[in-house]
Amino acid sequence: MTRVAPSPTGFMHIGGIYAALLCERVAHQSGGIFYLRIEDTDQKRKVEGAEEVIINSLGRYGIHADEGVDQNGKDYGPYQPYTQSQRKEIYQAYAKKLVEEGLAYPCFCSQEDLDIMRKIQEKQSLRPGYYGKYAKCRKLTDDEILANLKAGKPYVLRFKSNGDYNKRMIIKDLLKGDISMPENDLDVVLIKGDGLPMYHFAHAIDDHLMGTTHVIRGDEWLSSVPLHIQLFVALGWKAPKYGHCAPLQKLDNGNRRKLSKRHDPEANIVFFWEHGYPEKALIEYLFNLLNASFEDWKRTNPDKDAFDFPMNFSKLSNTAGALFDFQKLNSISKEVVAKMSAEDVFSAVLKWAETYQPNFADRLRDNREYVISILDIERNIGKKSRKDLLKWEDLPNDISYFFDDLFTTTREEKKTLIPNISEDLIRTISQEFSRIYNPADDKDAWFNHIKEIAESHGFAGEMKAYRENPEAFKGNVSDVANVLRVLVTGRDKTPDLYMIMKVMGTERVKKRLQDF
RNA sequence: GACCCUAUCAUCUAGUGGUUAGGAUACAGCCCUCUCAAGGCUGGUACACGGGUUCAAAUCCCGUUAGGGUCGCCA
């Protein structure tokens, strides 16, 4: 039984997907339950519609919660509600219990009081925080508390820690092993001025009530584990097992740092939607970061779904935090796209374009069969399949020359793409080929025509012959093919020209060959 | 400042006392080739540093250094 517990800030961090994927696998691979809880106790950061962002993001990557909140904001599962702001009474009931047991107390310190206290502590280079003799309100008598309450002074509820900072405790982390840490002696805030709980308190209560057995979360929480265990003890409950993993990082001026939503556009999962990265590619990349053995498994099981991968939780890559590597993602993405059928690529691109490039979406819909035949060029021919498309946003430019209204290469541009061959010769070659071109020819016949034309104009028909004696020729067959390529596509680098001509159709090909 | 985590090629990593330190990505070269991509082959000053323990250390211990994280009425 484990969970993912994001905050609805309107922003889904890629690290959140990474963590969710790990939690989902921990739960489901062991036959457990995986649920979603919305942690919205910070009303200041809450953004309208943010739950939807979270739920859509998870769903998009195939991470499904057995319990939680659905797209319409409706709870499902036995421990409703799954949104913390709706559980206010629950937290307050337990808070009240702790006060009665003398384990919590109201604190009337203002923000200014705390700031002053912190400055004093810093000046004496003491550990900052509300503890020991600095925990002023801890010593308030019942009468003083009553008087403050009566005067309407705002207050928070603090935990009365019995920890000793000089004593140490061993915490067992599923991912990092045994760690020795000082006990917590901070009287942390349990309930804030607005009546909602702090993360720590809500964590203890919800994870107990919802039956969480394993808490897998970012290692920014590692330092709070002593407090969390203390909280579970105070409430009379058994603490869950913890596992802390390092966050995704990026290189910044030679230094690593956490992927930050303020500075790094790729921290936002929407970045990958906008650019049209296939969902499968991102998931496979994240699996790869979680368990390096994933790619070996994938190589021996190329057709299996990533979620079938038997993850080894004791071998999680839990070191300093992986650097997000676009080159690796791109390479995985190329493999993923190469394995898709032309129809599947078409559907995925269309779905992407509908949101991010409506004009291109119209073009796709109007030319469905044509585009699929374009996408089918050098596809599914085994090991040598084309692997150059990695994200949908690249496609509009990749295939633009297939459309007459987008084929705008000027005569001058064509000339610069065909260096060393005179205009007359370009015209001669293209006209000769145009006359002879027959779409019914197979590839060998097609290429033989080009060779013949090449040889008749003093170019080498065979690359070998050319290489052995380059001086004897004007050039070689690839120069002649290049003439045709540039005239037909406006580019000097394209997929297989034979297939391109076939897909384009005789009429279009001949028209372009003659247009010089 | 205190506490915690981490340290193997450029990057992700395999490695749990004896390995020519392995793989993937990236990069470079060659081959193939109508260009590109793909594919095939080949390549490169990687165990942070310094001490131990041991016949033997990337692996265990101690320091140093570096990076990361935490110390909120944020999560």
Side-chain angles (χ1 to χ4, degrees), chain A residues 5-7 9 39-42 44-45 84 107 109-111 114 118 121-122 125-130 154-158 165 171 173 176-177 179-182 186 188-194 196-200 202-203 217-226 244 246-247 249 251 254-258 285 288-289 291-296 298-299 315 317-332 334 338 378 381-389 446-447 450-451 454 463 476-486 489 491-498:
Chain A
S7 296
T9 59
E39 309 221 318
D40 62 341
T41 55
D42 185 2
K44 292 187 289 293
R45 290 207 304 176
Q84 289 185 327
C107 165
C109 291
S110 66
Q111 195 54 56
L114 296 174
R118 167 172 290 269
Q121 288 171 327
E122 274 170 11
S125 19
L126 287 166
R127 198 158 46 89
Y130 208 83
Y155 68 97
V156 300
L157 214 62
R158 282 186 185 274
Y165 191 74
I171 61 175
D173 189 276
K176 294 187 190 271
I179 300 164
S180 160
M181 278 211 248
L186 258 28
V188 296
V189 173
L190 262 23
I191 303 283
K192 299 182 278 188
D194 63 3
L196 284 166
M198 288 282 283
Y199 169 85
H200 310 291
H203 152 56
R217 69 233 301 191
D219 67 4
E220 69 267 23
W221 293 111
L222 195 55
S223 328
S224 319
V225 175
H244 293 88
Q249 301 194 317
L251 213 51
N255 286 341
R256 287 162 170 270
R257 63 168 170 75
K258 218 162 131 178
Y285 175 62
N288 188 38
L289 285 184
N291 256 191
S293 57
F294 175 78
E295 55 187 4
D296 290 329
K298 186 73 193 172
R299 223 172 300 131
K315 285 204 176 166
S317 313
N318 61 342
T319 50
L323 235 36
F324 195 89
D325 184 359
F326 270 102
Q327 288 179 326
K328 185 82 180 186
L329 204 216
N330 289 347
S331 138
I332 290 175
K334 283 180 189 173
E378 291 174 285
I381 50 173
K383 251 191 153 180
K384 294 189 174 182
S385 294
R386 260 198 115 62
K387 286 179 193 160
D388 50 359
L389 182 60
W446 175 86
F447 191 52
I450 299 178
K451 276 188 193 168
M463 290 301 284
N476 61 60
V477 66
S478 78
D479 295 318
V480 176
N482 186 51
V483 170
L484 305 176
R485 185 186 315 282
V486 171
T489 69
R491 307 184 182 188
D492 60 353
K493 292 167 192 167
T494 72
D496 182 28
L497 191 55
Y498 169 73

P-based separation of B:rC30 from B:rU35 [nearest Å] = 15 Å
Phosphate contact (B:rC4 OP1 or OP2) by A:K176 side-chain N/O below 4.0 Å | no
Proximity to the side chain of A:S7 - top-ranked nucleotide from B:rA75, B:rC73, B:rC4 = B:rA75
Between A:S125 and B:rA2, is there a side-chain N or O to OP1/OP2 distance below 4.0 Å?
-> no
Where the side chain of A:E39 meets the backbone of A:Y199, is there a donor-acceptor pair that is under 3.5 Å apart?
-> no
Think A:K328 has a side-chain N or O under 4.0 angstrom from the OP1 or OP2 of B:rA10?
-> no
For nucleotides B:rA38 and B:rC4, find the distance between their P atoms and express it as a whole number of Å.
-> 48 Å
Check for a donor-acceptor pair, side chain of A:S385 on one end and backbone N or O of A:G382 on the other, with a separation under 3.5 Å.
-> yes
Can you check the A:M181 CE to B:rC3 P distance for me, whole Å?
-> 13 Å
Distances for protein N or O near nucleotides 69-71 of chain B N or O, under 3.5 Å:
from: B:rU70; atom 1: O4'; to: A:S223; atom 2: OG; distance (Å): 3.4

Give one of base, sugar-phosphate or nothing for A:Q327, where a contact means two heavy atoms less than 4.0 Å apart.
-> sugar-phosphate
For A:S293, answer base if it contacts any base atom (sugar-phosphate contacts may also be present), sugar-phosphate if it contacts only those atoms, and nothing otherwise; contact means non-hydrogen atoms under 4.0 Å.
-> nothing
Answer with base, sugar-phosphate or nothing: what part of the nucleic acid does A:R299 contact at a heavy-atom distance below 4.0 Å?
-> sugar-phosphate
Are the side chains of A:D219 and A:P247 in touch, meaning some heavy atoms are under 4.5 Å apart?
-> yes
Could you measure between the two P atoms, the one in B:rA48 and the one in B:rU6, and give it in whole Å?
-> 15 Å
Given the C1' atoms of B:rA56 and B:rU13, what is the spacing between them in whole Å?
-> 26 Å
Pair partner, B:rG39 [Watson-Crick or wobble, under 3.5 Å] | B:rC31
With the side chain counted from C-beta on, respond yes when A:H244 and A:V225 share a heavy-atom pair under 4.5 Å apart, and no when they do not.
-> yes
Identify whether any heavy atom of A:I450 sits under 4.0 Å from a base atom; if not, whether one sits that close to sugar-phosphate; answer base, sugar-phosphate or nothing.
-> nothing
Its contact letters, B for base, S for sugar-phosphate only and - for none at protein heavy atoms under 4.0 Å, make nucleotides 33-42 of chain B read BBBBBSSS--
Shortest non-hydrogen contact from A:D325 toward A:Y285 = N-OH, 2.8 Å
If you measure from the P atom in B:rC62 to the same atom in B:rG43, how many Å do you get, rounded?
-> 40 Å
Determine the interatomic distance between P on B:rC9 and the same-named atom on B:rC31; round to the nearest Å.
-> 33 Å
Pick base, sugar-phosphate or nothing for A:V156, based on heavy-atom distances below 4.0 Å to the nucleic acid.
-> base
Nearest non-hydrogen partners of A:P182 and A:Y165, listed with the distance = CB-O, 3.4 Å
Upstream residue (5' side of RNA chain B) when A:L126 and A:S331 are each assigned their closest nucleotide = A:L126
Would one find a side-chain N or O of A:K298 under 4.0 angstrom from OP1 or OP2 of B:rA24?
-> no
All heavy atoms of A:R386 vs all of A:D388, minimum pair found to be NE-OD2, 2.8 Å
If the C1' atom of B:rA14 is compared with that of B:rU59, how far apart are they to the nearest Å?
-> 13 Å
Looking only at non-hydrogen atoms, find the nearest pair between A:K192 and A:D42 and report the distance.
-> NZ-CA, 3.8 Å
When you compare B:rG72 with B:rG17, how far apart are their P atoms, in angstrom units rounded to a whole number?
-> 42 Å
Which atoms form the tightest heavy-atom contact between A:K387 and A:K383, and what is the distance?
-> NZ-O, 4.4 Å
When you compare the protein's N or O atoms with those of nucleotides 58-64 of chain B, which come within less than 3.5 Å of each other, and at what distance?
none

A:P495 and A:R485: which non-hydrogen atoms are nearest, and at how many Å?
-> O-NH1, 3.7 Å
